[in-house]
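Structure record follows, encoded as structure tokens.
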Protein chains: 2
Amino acid sequence: MNLLLNEIKQKLLEKGLKVTPQRLAILQALMTHKNHPTAEMIIEYIRYNHPNIATGTVYKILEVLVEKELIRKVQTEKDIMRYDAIMDKHHHLYCSESERIEDYVDSELDELLEAYFIKKGIPDFKIEDIRLHLNGKFLNLE
Amino acid sequence: MNLLLNEIKQKLLEKGLKVTPQRLAILQALMTHKNHPTAEMIIEYIRYNHPNIATGTVYKILEVLVEKELIRKVQTEKDIMRYDAIMDKHHHLYCSESERIEDYVDSELDELLEAYFIKKGIPDFKIEDIRLHLNGKFLNLE
DNA sequence: TTATTAAAAGAGAATGATTCTCCAACAAGT
DNA sequence: ACTTGTTGGAGAATCATTCTCTTTTAATAA
């Protein structure tokens with residue numbers, strides 16, 4: 001049993017979820033592929049080892065994982081949902097020419113923003129979380 | 001003919017779009033209601049004066065308006081799209097307990113961010129636009 | 001003002017991601 | 001191993017959105 005799977009098991013148990021092969025596979029797929037995949041992409045990947053997993057099951061599991069805060073939905077302008085297993089604070093780089101979305105981690109920026117809003121504040125709004133959407137072009141090939 | 005409608009006509013003509021009652025109604029609805037409505041909400045509102053407008057027409061017009069940059073899609077975690085007619089640079093406040101989304105304009109913040117990224121830069125990424133998603137709770141009633 | 005024509009709207013079917021239902025299988029504690 | 005509530009499978013159902021095809025209309029020119 002590899003280390004990642006044990007880690008995932010642990011996460012599931014901590015949230016009071018039963019450990020099942022399907023859940024392990026989906027979380028493992030999401031933690032391995034950091035490209036913010038769609039449900040479709042996850043299904044395709046998982047079917048290599050789990051040929052019989054039902055699409056409805058995948059959607060249901062993704063929903064549960066989002067609810068339990070083990071993964072996140074990624075906001076896009078498309079009606080196809082994408083998912084993210086990185087739960088540490090980070091922002092996203094959105095390609096304006098493709099569907100590519102990359103993580104952007106910058107604790108200096110986070111501190112800057114936090115300080116800014118502590119000083120400035122927003123009337124009648126209590127900030128819980130700040131996420132930047134940086135739209136632009138990637139200069140390297142994926 | 002009221003001022004807003006003339007203004008909207010102008011916008012359409014500038015983009016090379018024919019001026020139709022349906023397009024006027026949709027843009028007028030979006031410019032009047034700044035709540036980032038769904039297509040469904042726009043249809044419901046418009047039908048008061050345009051009982052016969054087809055839903056397909058509304059979707060088609062919204063698509064054209066997005067393409068011509070007269071309106072924007074608002075990113076959410078739902079698979080129901082929402083639209084925004086405010087094209088000036090602004091950010092969004094997302095309510096963590098409801099579907100409410102409010103605009104947040106802050107040119108001081110924009111300058112701060114611009115300066116930060118000019119200084120810092122992101123490897124292999126050319127920023128075109130920076131949008132903040134501020135998640136939290138509204139302390140007033142809508 | 002009317003004629004012309006490409007663009008746009010209408011109606012309703014089609015699509016496709018996601019959700020739901022209902023039953024069988026299974027994980028986890030006894 | 002046994003029991004039970006939870007979870008997965010299969011496929012139908014849903015519903016926002018898109019597509020197709022036809023009719024209407026806005027904008028231009030005669």
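Values below: all heavy atoms of this structure, side chains included; hydrogens, waters and symmetry mates excluded. Labels below follow one simple rule: chain letters A, B, ... track the order of the sequence lines, proteins then strands, and each chain is numbered from 1.
What separates CD1 of B/Ile43 from C1' of D/dT17 is a distance of 10 Å, to the nearest Å. Computed from coordinates, the A/Ile46 CD1 to D/dG9 C1' distance equals 15 Å when rounded to whole Å. B/Tyr83 places its OH atom 12 Å from the P atom of D/dA16, with the value rounded to the nearest Å. B/Glu63 has its CD atom 11 Å from the C1' atom of D/dC19, to the nearest Å. For the pair B/Ile26 CD1 and C/dG10 C1', the computed distance is 13 Å after rounding to whole Å. Taking atom CZ of residue B/Arg23 and atom C1' of nucleotide C/dG10, one finds them 14 Å apart after rounding to whole Å. Rounded to an integer number of Å, the gap from A/Ile61 CD1 to C/dA27 C1' is 13 Å. Separating the CG atom of B/Leu24 from the C1' atom of D/dA26 is a distance of 12 Å, rounded to the nearest angstrom.
Taking the side chain of A/Lys18 as heavy atoms from C-beta on, and the options D/dT17, D/dG8, D/dG5, the nearest nucleotide is D/dG5. For A/Ala39, the listed nucleotide lying nearest its side chain is C/dT18; candidates were C/dA9, D/dT17, C/dT18.
A distance of 10.5 Å separates CG in B/Asp79 from OG1 in A/Thr76, rounded to the nearest 0.5 Å.
Taking the centre of each ring, A/Tyr104 and A/His92 stay at or above the 6.0 Å mark. Ring centers of B/His133 and B/His91: at least 6.0 Å apart, outside the cut-off.
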Review item, nucleotides 11-14 of chain C N/O atoms under 3.5 Å of protein N/O:
none

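Comparing B/Met81 and B/Thr20 by the nucleotide of DNA chain D that holds the closest heavy atom to each, the one mapping nearer the 5' end is B/Met81. Positionally, the nearest nucleotide of DNA chain D for A/Pro21 lies more toward the 5' end than for the other of A/Pro21 and B/Tyr59. When the nearest nucleotides of DNA chain C are assigned to A/Leu17 and B/Gln22 by heavy-atom distance, the more 5′-ward of the two goes with B/Gln22.
Across all strands, B/Val64 comes closer than 4.0 Å to no nucleic acid atom at all (heavy-atom distances).
Within 6.0 Å of atom CD in B/Glu114, 12 or fewer heavy atoms from other residues, nucleotides or ligands are found, so the atom counts as exposed in its surroundings. Residue B/Lys78 qualifies as open at atom NZ: its count of foreign heavy atoms under 6.0 Å is 12 or below.
Dashed line: the shortest gap from a side-chain N or O of B/Thr38 to OP1 or OP2 of D/dA16 is not under 4.0 Å.
Here the side chains of A/Lys89 and A/Asp110 are in contact, with some heavy-atom distance below 4.5 Å. No side-chain heavy atom of A/Leu93 sits less than 4.5 Å from a side-chain heavy atom of A/Ile101.
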